[in-house]
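The figures that follow rest on heavy atoms only: side chains count, while hydrogens, waters and symmetry mates do not.
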Amino acid sequence: MLIPHDTRIALDTVVDLVNTSPETEQGDGLANVAALYDFARGHDISGVGELGHRDLKAVQDVRSRFAEIFAATDARSAAEMVNELVAAAGTTPQLTDHDGYDWHVHYFAPGASIADHLAADCGMALAFIVVAGEQERLRRCEAPDCGRAFVDLSRNRSRRYCDSRTCGNRLHVAAYRARRKEAAG
């Protein structure tokens with residue numbers, strides 16, 4: 001699946017945003033305005049000005065809506081949720097070539113809030129996945145104690161864990177030890 005660079009960045013951002021949810025074992029990754037600033041800086045979100053509690057609440061709401069899209073059981077439901085989210089953000093597609101990136105599309109209106117910026121750009125990245133008929137690639141980690149979101153970009157759509165080196169390896173080691181214990185006992 002060929003994904004344009006800007007769409008890939010937006011997919012990574014939406015996954016990271018969903019994974020800041022308070023339901024994760026790390027707790028709420030967007031618990032305060034300082035954490036929101038850190039998130040914006042860490043993801044090179046352009047045009048972020050002064051942020052306040054209203055911005056924080058709006059981004060937390062967008063995060064919840066994105067989590068619902070990852071939980072959608074079919075493409076039609078995911079498409080309806082993406083459409084609502086993107087429409088509410090007041091999208092204004094425009095070509096841009098800033099910060100050393102070649103030409104790409106921004107879907108948010110100039111001067112948009114950070115929540116509308118995320119809803120528009122990340123929502124359109126999710127729309128790209130749904131349009132490509134790949135909605136099932138929006139997944140949650142199958143490790144029983146994890147549940148983090150990820151986009152399965154493997155060729156055969158076989159990825160089961162958010163990170164094969166942590167969650168996947170941990171489960172494989174546990175299964176190996178259980179087999180060894182059973183064989184010894």
Side-chain angles (χ1 to χ4, degrees), residues 1-30 38-40 42-45 59-87 89 91 93 101-102 104-108 115 117-179:
M1 170 177 213
L2 182 62
I3 299 175
H5 176 73
D6 55 319
T7 301
R8 179 59 195 259
I9 289 172
L11 287 171
D12 291 343
T13 301
V14 73
V15 164
D16 290 348
L17 181 60
V18 170
N19 288 335
T20 66
S21 174
E23 288 81 37
T24 64
E25 62 183 46
Q26 292 86 14
D28 191 347
L30 291 179
D38 289 344
F39 184 87
H43 290 84
D44 293 324
I45 298 174
V59 171
Q60 290 170 336
D61 290 344
V62 167
R63 173 181 67 187
S64 295
R65 309 252 335 253
F66 283 140
E68 291 171 8
I69 295 166
F70 271 81
T73 56
D74 61 271
R76 181 162 306 282
S77 299
E80 288 172 3
M81 288 185 267
V82 168
N83 284 341
E84 289 174 16
L85 191 61
V86 170
T91 59
Y101 293 108
D102 205 357
H104 60 283
V105 179
H106 278 187
Y107 294 96
F108 56 92
H117 178 138
L118 290 168
D121 267 6
C122 295
M124 290 306 297
L126 294 175
F128 176 86
I129 296 293
V130 174
V131 166
E134 303 286 353
Q135 184 262 331
E136 72 276 358
R137 289 183 183 271
L138 305 178
R139 299 209 173 143
R140 292 292 189 152
C141 184
E142 291 182 19
D145 58 343
C146 184
R148 291 174 56 87
F150 67 94
V151 178
D152 179 4
L153 297 177
S154 66
R155 185 176 294 201
N156 62 359
R157 298 178 191 93
S158 62
R159 189 169 160 199
R160 298 175 51 207
Y161 307 110
C162 63
D163 186 344
S164 60
R165 286 172 284 188
T166 55
C167 290
N169 190 46
R170 188 169 25 97
L171 288 176
H172 289 117
V173 168
Y176 171 78
R177 288 181 178 155
R179 287 191 305 273

So which atom in [X] and which in [Y] form the shortest heavy-atom distance, rounded to 0.1 Å?
| X | Y | answer |
| --- | --- | --- |
| Ala67 | Arg140 | CB-NH2, 3.7 Å |
| Val82 | Gly123 | CG1-O, 3.3 Å |
| Arg63 | Pro22 | NH2-CD, 3.5 Å |
| Ala120 | Thr91 | CB-CG2, 3.7 Å |

Heavy-atom distance under 4.5 Å between the side chains of [X] and [Y], does that happen here?
| X | Y | result |
| --- | --- | --- |
| Leu126 | Phe70 | yes |
| Gln60 | Asp28 | yes |
| Asp6 | Asp121 | no |
| Val59 | Leu17 | yes |

| message | Which residue in the set Asp16, Leu118, Val14, Asp38 passes side chain to side chain contact (heavy atoms under 4.5 Å, CB included) when paired with His43? | response | Asp16
| Option passing side chain to side chain contact (heavy atoms under 4.5 Å, CB included) with Phe66 (candidates Asp61, Thr13, Val18) | Val18
Between atom [atom1] of [X] and atom [atom2] of [Y], what is the distance when rounded to the nearest 0.5 Å?
| X | Y | atom1 | atom2 | answer |
| --- | --- | --- | --- | --- |
| Ile129 | Ile3 | CD1 | CD1 | 4.5 Å |
| Glu23 | Ser64 | CD | OG | 7.5 Å |
| Ser77 | Glu68 | OG | CD | 11.0 Å |

Short side-chain to backbone donor-acceptor contact, [X] and [Y], under 3.5 Å:
| X | Y | answer |
| --- | --- | --- |
| Arg157 | Glu136 | no |
| Arg148 | Cys141 | no |
| Arg8 | Leu11 | no |
| Asp152 | Arg159 | yes |
| Arg137 | Ser154 | yes |
| Gln135 | Ala72 | yes |

| request: Take Val86 and Tyr107, measure what side-chain contact (heavy atoms from CB on, under 4.5 Å) needs, and give me the verdict at the end. | output: CA-CA 9 Å; Val86 170; Tyr107 294 96; over 6 Å; no
| query | Should the pair His117 and His106 be assigned to parallel (<30°), tilted (30 to 60°) or perpendicular (>60°) ring geometry? | reply | tilted
| request: Please lay out, stage by stage, how Ile69 and Leu85 fare under the test side-chain contact (heavy atoms from CB on, under 4.5 Å). | output: CA-CA 10 Å; Ile69 295 166; Leu85 191 61; 4.2 Å; yes
